[in-house]
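Below: the structure, in structure tokens.
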Amino acid sequence: MCQFPLFETILIENGEAKNLYYHQQRVEFAFQNFFKHPCSLNLAETIIVPEHFKQGIIRCRIDYNERTYEVNFYPYQRKLIQKFQCVYTQNLDYQFKYSDRKGLDLLKNPNADEVIIINNGFVSDCTIGNLLFLKENQWYSSQHYLLKGTQLTQLVEKGEAILTEMRAEDLPTFEKVMMINALNPFDLTRALPISSIEFCDPDRKI
């Protein structure tokens, strides 16, 4: 196991850390269920934004274990996604934000900007976040997510998104798709038509 098996990525916007409440919830869940240890990481006290990172959109990454942590800040350019491709997996596990992302990285395809992971027959996430799907003015997300992100948690709590069971064959019944994660909050300008999804052979498992 690496020194820091888990990490957290937080949006810093003009010097302010966003959605810390939800990030703290996820860290506490990881301590309880991964480390089996009381949480010793307080994000609000840990994140001290340097002056030269107090303008614009910044990515804060906290790598941590049950005793220590490391904090880094990086300029951030949001990824442009125009095309998704479905990939099919079995028993893929990413219930915590593991630092080892080899399993997810292997799913990426040069013919698409991002993938939609169909895990054990159910729609789950893409490699960098959760997915929202629009139908008749209501946004939905799969209840079979790999990792429940902070943005998704917030949208569900506010009633702005509904978790539901989704299979690959259900995808054409939706109108739009949107990727969300800590650094890419809900934004209608990033929603793509469902035709941006390319389907591949479901018998090809990864």
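Worth knowing before you read on, the calculation uses all heavy atoms, side chains too, and leaves out hydrogens, waters and symmetry mates.
- A side chain to side chain contact (heavy atoms under 4.5 Å, CB included) with Tyr76 holds for exactly one of Asn184, Ile58, Thr9, Ile12; it is Asn184.
- Atoms SG and CZ, from Cys2 and Phe7 in turn, are 10.5 Å apart once rounded to the nearest 0.5 Å.
- A pairwise comparison of heavy atoms in Cys60 and Val71 identifies SG-CG1, 3.9 Å as the closest pair.
- Taking CG of Asn91 as the reference point, atom CG of Asn120 lies at 4.5 Å (rounded to 0.5 Å).
- At distances below 3.5 Å, at least one donor-acceptor pair connects side-chain atoms of Asn181 with backbone N or O atoms of Ile128.
- Here Phe174 and Phe133 bring their ring centres to under 6.0 angstrom of each other.
- Asn119 and Tyr88 form no side-chain donor-acceptor contact under 3.5 Å, judged by distance and modelled atom types alone.
- Following chains of ILVMFWY side-chain contacts shorter than 4.5 Å, one cannot reach Phe122 starting from Tyr145, and the two form parts of different hydrophobic clusters.
- Placement of Leu183 and Leu43 in two distinct hydrophobic clusters is found when ILVMFWY residues are connected by side-chain heavy-atom separations under 4.5 Å, directly or transitively.
- For the residue pair Tyr64 and Pro5, the shortest heavy atom distance occurs at O-CD, 3.5 Å.
- Rounding to the nearest 0.5 angstrom, the gap separating the OG atom in Ser99 from the CG atom in Asp63 is 5.0 Å.
- Side-chain atoms of Glu28 do not come within 3.5 Å of backbone N or O of Pro38 as any donor-acceptor pair.
- Ion pairing of Glu8 with Arg61 is absent here, as no side-chain N (NZ or NE/NH1/NH2) approaches a carboxylate O to less than 4.0 Å.
- Within the structure, salt bridge (Lys or Arg N to Asp or Glu O under 4.0 Å) pairs that include any residue of residues 69-89 comprise Lys79-Glu114, Lys83-Glu198 (at least two apart or interchain).
- Distance check: Gln82 CD to Ser196 OG gives 9.5 Å after rounding to the nearest 0.5 Å.
- The CZ atom of Phe186 sits 8.5 Å away from atom CD1 of Ile180, with the distance rounded to the nearest 0.5 Å.
- None of Leu131, Val123, Leu146 except one satisfies the side chain to side chain contact (heavy atoms under 4.5 Å, CB included) rule with Ile117; the exception is Leu146.
- Atom CG of residue Leu11 and atom CD of residue Glu13 lie 5.5 Å apart, to the nearest 0.5 angstrom.
- Between Glu16 and Lys18, at least one side-chain nitrogen of the basic residue sits less than 4.0 Å from a carboxylate oxygen of the acidic one, meeting the salt-bridge criterion.
- For Phe34 and Phe96, the ring centers are positioned less than 6.0 Å apart.
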List the atom pairs, with distances to 0.1 Å, where a side-chain N or O of residues 147-170 and a protein N or O form a donor-acceptor pair under 3.5 Å, not counting sequence neighbours.
from, atom 1, to, atom 2, distance (Å)
Thr153, OG1, Gly149, O, 2.8
Glu157, OE1, Tyr22, OH, 3.0
Asp170, OD2, Arg167, N, 2.8

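- No single ILVMFWY cluster, assembled from side-chain heavy atoms under 4.5 Å apart, contains both Val177 and Trp139.
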